[in-house]
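Quick note on labels: first sequence line is chain A, next is B, and so on, each numbered from 1. Worth knowing before you read on, the calculation uses all heavy atoms, side chains too, and leaves out hydrogens, waters and symmetry mates.
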2 protein chains.
Amino acid sequence: MHLKSKYKKLLNNALEAGGQRSTKQREHIFALLLEKRDHPTADEIFARARSGMSTISLATVYNCLETLVETKLIRQVNFEREPTRYCPNLTQHAHFYCRESGDIVDIELPEKVLSELMQVLPKGFSAQHIEIAYDGKCNDCHDAVN
Amino acid sequence: MHLKSKYKKLLNNALEAGGQRSTKQREHIFALLLEKRDHPTADEIFARARSGMSTISLATVYNCLETLVETKLIRQVNFEREPTRYCPNLTQHAHFYCRESGDIVDIELPEKVLSELMQVLPKGFSAQHIEIAYDGKCNDCHDAVN
DNA sequence: CTATATGCAAATAGTTTGCCTGTTA
DNA sequence: TAACAGGCAAACTATTTGCATATAG
């Protein structure tokens, strides 16, 4: 089975499980998020979506993204007050934001570090989720001659 | 020396160091952030500021907060798309957001955990800052009978 | 006295909503 | 064919900006 049918099945199963319908727009947006995993904003997704689906609207992009987040196929990534970005990597990971290039890179987190972060919580606190965001200078920007 | 003159001196030194003027409004806002350290939003700060300084405007609240952040007397805290909150605790710490009460609690982070988080970064990456946000259920909300 | 901060109102950016039409199951 | 999704424009919220007046150094 090729990639396209694989994600289609994944998408349709998840939508069905959440009592949601499968539509061209949802499929299109999910496909382009998987294709280029660079944490685009809704506006960027809208721009990409229009090539190949010229009639799609920005509101639909927002609606589809919301549905995909609810069905847990993608997640949102926020940096300060910047526009929300979208990420199809569902493993527990952090994000690194490069101040120079603006690139966002996934950072894998060892289980050990995660469990230590949980142990740091005071008695009586339980966390459902930890969001970890680094910011600094990425590999490429260190390599580049300044 | 009582608290009031202590923070006044701290504020004035920091402002002077940053080439910024000392104003009634800046002082008032800094004082109320220190007084009730509950991570208020700009709107909440505006409401509190007006009792005691009825003529202050929301734009001035934003301007003062920006100045205080720039002079490193306070820091901003962001949760998802929610309005920015302000925090006078300058130690390296994380935030815990309780989904039930909406309260935000400072979580102290041991040096060891922080250095492990730095070591997790791929070769060539350097971070200036790590932002860590937990969300879940706080102590008080666990204790309460549901 | 002069640069800078305040206060007000209008502007902006990102996102959401309402309403009508089109599509899916 | 009934319920839900899409498209468009208008609304909304948090924040920023422009400009005239007030204030700090």
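Of all non-hydrogen atoms in B:Ala42 and B:Tyr86, the two that sit nearest each other are N-CE1, 4.1 Å. Here the closest heavy-atom approach between residue A:His93 and residue A:Arg75 is recorded as CE1-NH1, 3.1 Å.
Distance CD1 (B:Ile45) to P (D:dA14): 14 Å, rounded to an integer number of Å. Taking atom CZ of residue A:Arg26 and atom C1' of nucleotide D:dG7, one finds them 14 Å apart after rounding to whole Å. A straight line from CG of B:Asn63 to C1' of D:dA22 spans 15 Å, rounded to a whole angstrom. When rounded to the nearest whole Å, the span between CG of B:Leu11 and P of D:dA24 equals 14 Å. What separates CZ of A:Phe46 from P of D:dG6 is a distance of 14 Å, to the nearest Å. At whole-Å resolution of the value, CG in A:Leu65 and P in C:dT16 are 10 Å apart. Computed from coordinates, the A:Glu70 CD to D:dC4 P distance equals 14 Å when rounded to whole Å. Distance A:His28 NE2 to D:dG6 C1': 14 Å, rounded to the nearest Å.
Residue B:Ile56 is in sugar-phosphate contact alone, with no base atom involved, counting any heavy-atom pair closer than 4.0 Å across all strands shown. Note on B:Thr55: only backbone sugar-phosphate atoms sit closer than 4.0 angstrom, heavy atoms only; bases stay farther off.
At least one side-chain nitrogen or oxygen of B:Thr84 sits closer than 4.0 Å to the OP1 or OP2 atom of D:dT15. Side-chain nitrogen and oxygen atoms of A:Tyr62 include at least one within less than 4.0 Å of the OP1 or OP2 phosphate oxygen of C:dT15. In this model, the phosphate group of C:dT6 is not approached by any side-chain N or O of B:Ser57 to a distance below 4.0 Å at OP1 or OP2.
The side-chain heavy atoms of A:Arg26 and A:Thr23, taken from C-beta on, include a pair separated by under 4.5 Å.
Comparing B:Arg81 and B:Met53 by the nucleotide of DNA chain C that holds the closest heavy atom to each, the one mapping nearer the 5' end is B:Met53. Mapping B:Thr41 and A:Thr67 onto DNA chain D via the closest heavy atom, the residue that lands nearer the 5' end is A:Thr67.
Looking at the side chain of A:Thr60, the nearest of the listed nucleotides D:dG7, C:dT6, C:dA9 is D:dG7. Ranking D:dG7, D:dT15, C:dG7 by closeness to the B:Leu58 side chain, first place goes to D:dT15.
Taking 4.0 Å as the cut-off between side-chain N and carboxylate O, B:Glu116 and A:Lys112 count as a salt-bridged pair. Salt-bridge formation is detected for the pair B:Arg48/B:Asp38: a Lys NZ or Arg NE/NH1/NH2 atom is positioned less than 4.0 Å from an Asp or Glu carboxylate oxygen.
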Nucleotide by nucleotide, 5' to 3', does protein get under 4.0 Å of the base (B), only the sugar-phosphate (S), or neither (-) in nucleotides 19-25 of chain C, counting heavy atoms? -----BS
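When atom types are taken as modelled, the side chain of A:Thr67 and the backbone of A:Asn63 share a donor-acceptor pair closer than 3.5 angstrom. The backbone N or O of A:Lys24 lies less than 3.5 Å from no partner atom in the side chain of A:Glu27, so there is not a single donor-acceptor pair.
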